[in-house]
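Attaching a single structure in structure tokens format; questions to follow.
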Amino acid sequence: MSAPPRVRFAPSPTGALHIGGARAALYNWLVARKAGGSMVLRIEDTDRERSTPENVEQILDALQWLGIDWDEGPISQVERSGRHRQVLDDLLARGLAYRTAATAEDVKVYKREHGDAVGYRGEPSADGEGAVRLRVPEHELVVHDLVRGDTTFRPEHLDEPVVARADGTALYNFAVAVDDHDAAITHVIRGEDHLSNTPKQLLVYAALGAEPPAFAHLPLLHGHDGKKLSKRHGAASVQELRAAGYLPAAIRNYIALLGWGDTDAETLIATDDLIERFELSRVSRNPARFDEPKLRWMNGRYLRELSLDELTAELERFTGRDGLRPGVEISAEKIQTLADFWPLAGFLYDGPVDDPKARKKWLAAAEHREALTDARAALADVEPFTVEAIDAALRDVVAARGTKAKDVFQPVRVAVAGTAASPGLFESLAVLGREEALSRIDVALRAPA
RNA sequence: GCCGCUAUCGUCCAGGGGACUAGGACGCCGCCCUCUCACGGCGGAAACCCGGGUUCGAAUCCCGGUAGCGGUACCA
């Protein structure tokens with residue numbers, strides 16, 4: 001029996017949380033929740049140029065909205081600079097690191113002389129000033145990865161990495177390793193873009209005299225064009241998905257499947273089952289593409305699992321309107337996202353929408369205007385004004401006119417909804433009520449053909 | 001360039017030496033349902049990157065090529 005895992009999610013606040021970060025957070029969370037471990041949230045804000053408090057807020061907010069919680073933190077990496085400096089001094093004192101005046105340009109020159117495959121080896125500066133580089137040992141560095149197996153890095157290929165700026169502030173590869181070690185992290189689960197950095201971090205662990213944690217590098221997520229999905233490219237931030245009307249549960253299910261799958265063919269997996277079934281060893285090694293149509297479909301399934309009360313509450317929160325229940329009842333099975341609702345059913349509340357093409361097609365011909373007139377007359381007499389009675393009355397009109405059903409129904413639909421697609425016609429009319437329905441038809445009839 | 005990772009339908013995920021006539025889901029196409037749009041049901045098209053090797057047998061193992069991706073910062 002091994003100790004409960006301690007995982008961490010460590011975003012850098014240089015932008016919004018995008019879907020790739022969300023997935024990394026989710027996988028960490030699943031590992032922690034499955035085994036009764038804990039999840040640490042750390043903000044990697046050592047990039048002082050690009051990190052902002054607003055981004056930190058956004059990320060925390062996105063995580064909470066997604067339903068991914070954490071047990072410790074958020075801890076700020078910059079606030080640990082004292083500890084970083086202390087470790088740095090120790091490494092310097094022990095000769096495992098050295099200060100150097102060498103610049104990136106000097107490294108290039110070195111490569112030109114020794115070949116691209118040869119790792120940079122520098123000399124300490126005479127005055128003891130400059131950036132801090134780590135010494136690289138002679139032995140191979142192997143990353144034991146839970147998803148991709150062992151990856152071996154030969155030391156001669158590795159540049160001596162810069163771990164701190166000349167002013168003594170820590171750089172990423174150094175700070176992560178120190179912080180993960182101090183936090184007793186057992187599993188580092190992050191994107192594959194960090195795989196090449198891992199040997200540098202291994203160096204830090206070795207210098208610390210510590211056992212490195214287990215690593216799990218997740219395949220990257222790409223946009224639909226096959227290119228890397230990032231803050232600047234392809235978007236898909238959690239906030240955007242939220243604004244697009246997706247449910248957290250659906251997003252969790254969808255992104256869990258982006259890079260992971262078990263032998264069971266199930267596609268719809270509730271979060272509790274995800275926790276139970278998730279296995280790092282079954283994470284895919286191939287990059288995946290974010291496919292929004294599939295998320296849409298999945299979201300529709302989750303939407304339809306909600307009770308009408310729950311759906312109404314979601315929709316009222318989403319649209320900022322209330323009294324939506326009647327409209328929700330008749331549109332629930334027609335929407336895939338919360339954002340789909342208003343374009344479909346908003347006419348019930350705000351009047352017919354303006355769709356010239358629909359008017360031209362269904363309200364211009366004399367035949368349609370006559371049908372609408374007949375329907376108006378029938379509707380005026382329907383008693384009670386219920387779905388069933390409206391249904392019967394309008395079908396009587398169809399029968400009397402001897403036309404196809406749609407030649408009566410569509411003009412009525414366009415008259416009351418303004419457009420050719422809507423929830424069920426009879427249901428819509430019943431929701432509107434006789435008075436409102438007749439008045440909309442009258443307006444349509446008065447409008448010039 | 002160098003270092004590294006990856007390679008099954010358009011996309012995601014299964015399968016992983018003979019059970020493969022390669023499975024499921026999204027999407028797509030057709031049909032059914034139907035007042036529109038959806039939902040739902042049924043059916044269909046659609047993939048093992050290429051070349052060698054190992055083996056009685058390879059999509060599955062090995063090597064090479066190719067392609068894609070990542071890293072190559074005093075960013076994270």
Side-chain angles (χ1 to χ4, degrees), chain A residues 10-15 44-51 77 100 102-104 107 111 115-119 130-133 143 145 148 151-154 157-159 161-167 169-173 175-176 190-200 217 219-220 222 224 226-228 254 257-268 282 284-298 300-301 304 331-336 340 344 358 362 391 394-395 398 404-410 412-414 417 419-428:
Chain A
S12 69
T14 53
E44 310 242 306
D45 48 5
T46 50
D47 183 344
R48 294 154 305 176
E49 314 267 287
R50 299 186 297 162
S51 300
Q77 196 157 54
T100 171
T103 61
V107 174
K111 297 265 184 186
D116 279 337
V118 177
V132 181
R133 282 185 190 267
V143 180
D145 194 291
R148 38 214 347 129
T151 301
T152 303
F153 294 85
R154 300 169 57 101
H157 293 318
L158 243 52
D159 294 335
V162 179
V163 292
R165 302 176 176 99
D167 66 4
T169 55
L171 256 25
Y172 172 73
N173 285 119
V176 234
R190 72 228 306 190
E192 196 221 81
D193 49 340
H194 290 282
L195 183 57
S196 313
N197 289 138
T198 309
K200 299 177 192 170
H217 287 96
L220 261 17
H222 293 165
H224 212 81
K227 296 200 183 101
K228 182 181 169 190
Y254 177 70
L257 260 23
L258 230 40
W260 171 83
D262 65 10
T263 51
D264 199 306
E266 289 305 310
T267 301
L268 294 167
R282 289 194 60 87
S284 163
R285 285 166 316 198
N286 332 50
R289 297 184 194 211
F290 172 59
D291 184 44
E292 191 165 352
K294 188 163 185 174
L295 207 212
R296 273 188 68 81
W297 164 80
M298 192 172 278
R301 297 291 299 248
R304 270 169 255 118
S331 343
E333 65 178 19
K334 296 177 184 293
I335 60 175
Q336 309 255 63
D340 289 346
L344 179 74
W362 296 107
D391 185 332
L394 288 182
R395 285 188 197 282
V398 172
K404 282 192 281 190
K406 66 162 63 167
D407 287 319
V408 172
F409 297 163
Q410 285 300 78
V412 177
R413 186 190 311 280
V414 175
T419 178
S422 79
L425 216 216
F426 319 133
E427 289 81 357
S428 298

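Numbered from 1 within each chain, the chains take letters A, B, ... in sequence-line order.
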**Request:** Determine the contact category for A:Arg296: base if any of its heavy atoms lies under 4.0 Å from a base atom, sugar-phosphate if only primed atoms, P, OP1 or OP2 are that close, otherwise nothing.
**Result:**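 Touches nothing.
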**Message:** Can you measure A:Trp362 atom CH2 to B:U36 atom P for me and round it to whole angstrom units?
**Reply:**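 Taking CH2 of A:Trp362 and P of B:U36, I get 9 Å after rounding.
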**Asked** Would you say B:C75 has OP1 or OP2 under 4.0 Å from some side-chain N or O of A:Arg165?
**Response**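 Answer is yes, contact under 4.0 Å.
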**Prompt:** At under 4.0 Å, does any side-chain N or O of A:Asn286 touch on OP1 or OP2 of B:U8?
**Reply:**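 Checking A:Asn286 against B:U8: at least one side-chain N or O falls below 4.0 Å of OP1 or OP2.
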**Message:** Whether A:Asp159 and A:Arg133 form a salt bridge (side-chain N of Lys/Arg under 4.0 Å from carboxylate O of Asp/Glu) is what I want to check.
**Reply:**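 Salt bridge flag = no for A:Asp159 with A:Arg133.
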**Request:** Mind checking the CZ-CG spacing from A:Phe409 to A:Leu394? Nearest 0.5 Å is all I need.
**Result:**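 Going from CZ on A:Phe409 over to CG on A:Leu394, the span is 5.5 Å.
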**Asked** Are any of A:Thr263's side-chain N or O atoms less than 4.0 Å away from OP1 or OP2 of B:A14?
**Response**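 No.
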**Message:** Any donor-acceptor pair under 3.5 Å linking the side-chain atoms of A:His217 with those of A:Thr151?
**Reply:**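 There is no such pair (donor and acceptor under 3.5 Å, judged by atom type) between the side chains of A:Thr151 and A:His217.
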**Request:** Please tell me which of A:Thr46 and A:Arg395 maps to the more 5' nucleotide of RNA chain B, matching each residue to the nucleotide holding its nearest heavy atom.
**Result:**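 Counting from the 5' end, the first nearest nucleotide belongs to A:Arg395.
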**Request:** Determine the interplanar angle of the A:Tyr172 and A:His194 rings, folded into 0 to 90°, and report it as parallel if under 30°, tilted if 30 to 60°, perpendicular if over 60°.
**Result:**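 Rings of A:Tyr172 and A:His194: tilted, as their planes differ by 30° to 60°.
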**Rounded distance (Å) that lies between atom C1' of B:C26 and atom CZ of A:Phe290** =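 Taking CZ of A:Phe290 and C1' of B:C26, I get 13 Å after rounding.
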**Request:** Let me know the distance between NZ of A:Lys334 and C1' of B:C37, rounded to the nearest Å.
**Result:**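 The answer, rounded to whole Å, is 6 Å.
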**Request:** May I have the distance from A:Lys111 (atom NZ) to B:U72 (atom C1'), rounded to whole angstrom?
**Result:**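 Rounded to whole Å, this separation is 8 Å.
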**Phosphate OP1/OP2 of B:A76 contacted by A:Arg50 side-chain N/O (<4.0 Å)** =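 Answer no for this pair, as no side-chain N or O of A:Arg50 is under 4.0 Å from OP1 or OP2.
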**Prompt:** Using a cut-off of less than 4.0 Å, is there contact between a side-chain N or O of A:Arg301 and OP1 or OP2 of B:G40?
**Reply:**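 Affirmative; the distance criterion is met.
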**Request:** Using whole Å, report how far CD of A:Gln336 lies from P of B:C26.
**Result:**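 Result: 11 Å.
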**Item:** Sugar-phosphate only, base, or nothing, as touched by A:Gly259 at under 4.0 Å among non-hydrogen atoms
**Value:**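 Sugar-phosphate only.
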**Item:** Which nucleotide in B:G70, B:U36, B:U11 has an atom nearest any side-chain atom of A:Arg289
**Value:**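 It is B:U11.
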**Message:** What is the separation between atom CZ on A:Arg282 and atom P on B:G16, rounded to the nearest whole Å?
**Reply:**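 My rounded result for the distance is 9 Å.
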**Item:** Basic-acidic side-chain contact under 4.0 Å: A:Asp291, A:Lys294
**Value:**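 Looking at A:Asp291 and A:Lys294, the cut-off is not met.
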**Asked** Which residue, A:Asp167 or A:Phe426, contacts RNA chain B at a nucleotide closer to its 5' end, judged by nearest heavy atom?
**Response**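 Counting from the 5' end, the first nearest nucleotide belongs to A:Phe426.
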**Message:** Students often get this wrong, so: under 4.0 angstrom with heavy atoms, is A:Ala166 touching a base, only sugar-phosphate, or nothing?
**Reply:**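 It contacts base atoms.
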**Asked** Within the structure shown, what part of the strands sits under 4.0 Å from A:Leu425 by heavy-atom distance: base, sugar-phosphate, or nothing?
**Response**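 Here A:Leu425 touches the bases of the nucleic acid.
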**Prompt:** What is the distance from CH2 of A:Trp260 to C1' of B:A14, rounded to the nearest Å?
**Reply:**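 One finds 12 Å between C1' of B:A14 and CH2 of A:Trp260, rounded.
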**Request:** Pick base, sugar-phosphate or nothing for A:Ser284, based on heavy-atom distances below 4.0 Å to the nucleic acid.
**Result:**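 Sugar-phosphate: the residue A:Ser284, judged by heavy atoms under 4.0 Å, touches backbone atoms but no base.
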**Asked** CZ of A:Arg154 versus P of B:U72: gap in Å, rounded?
**Response**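 It works out to 22 Å between those atoms.
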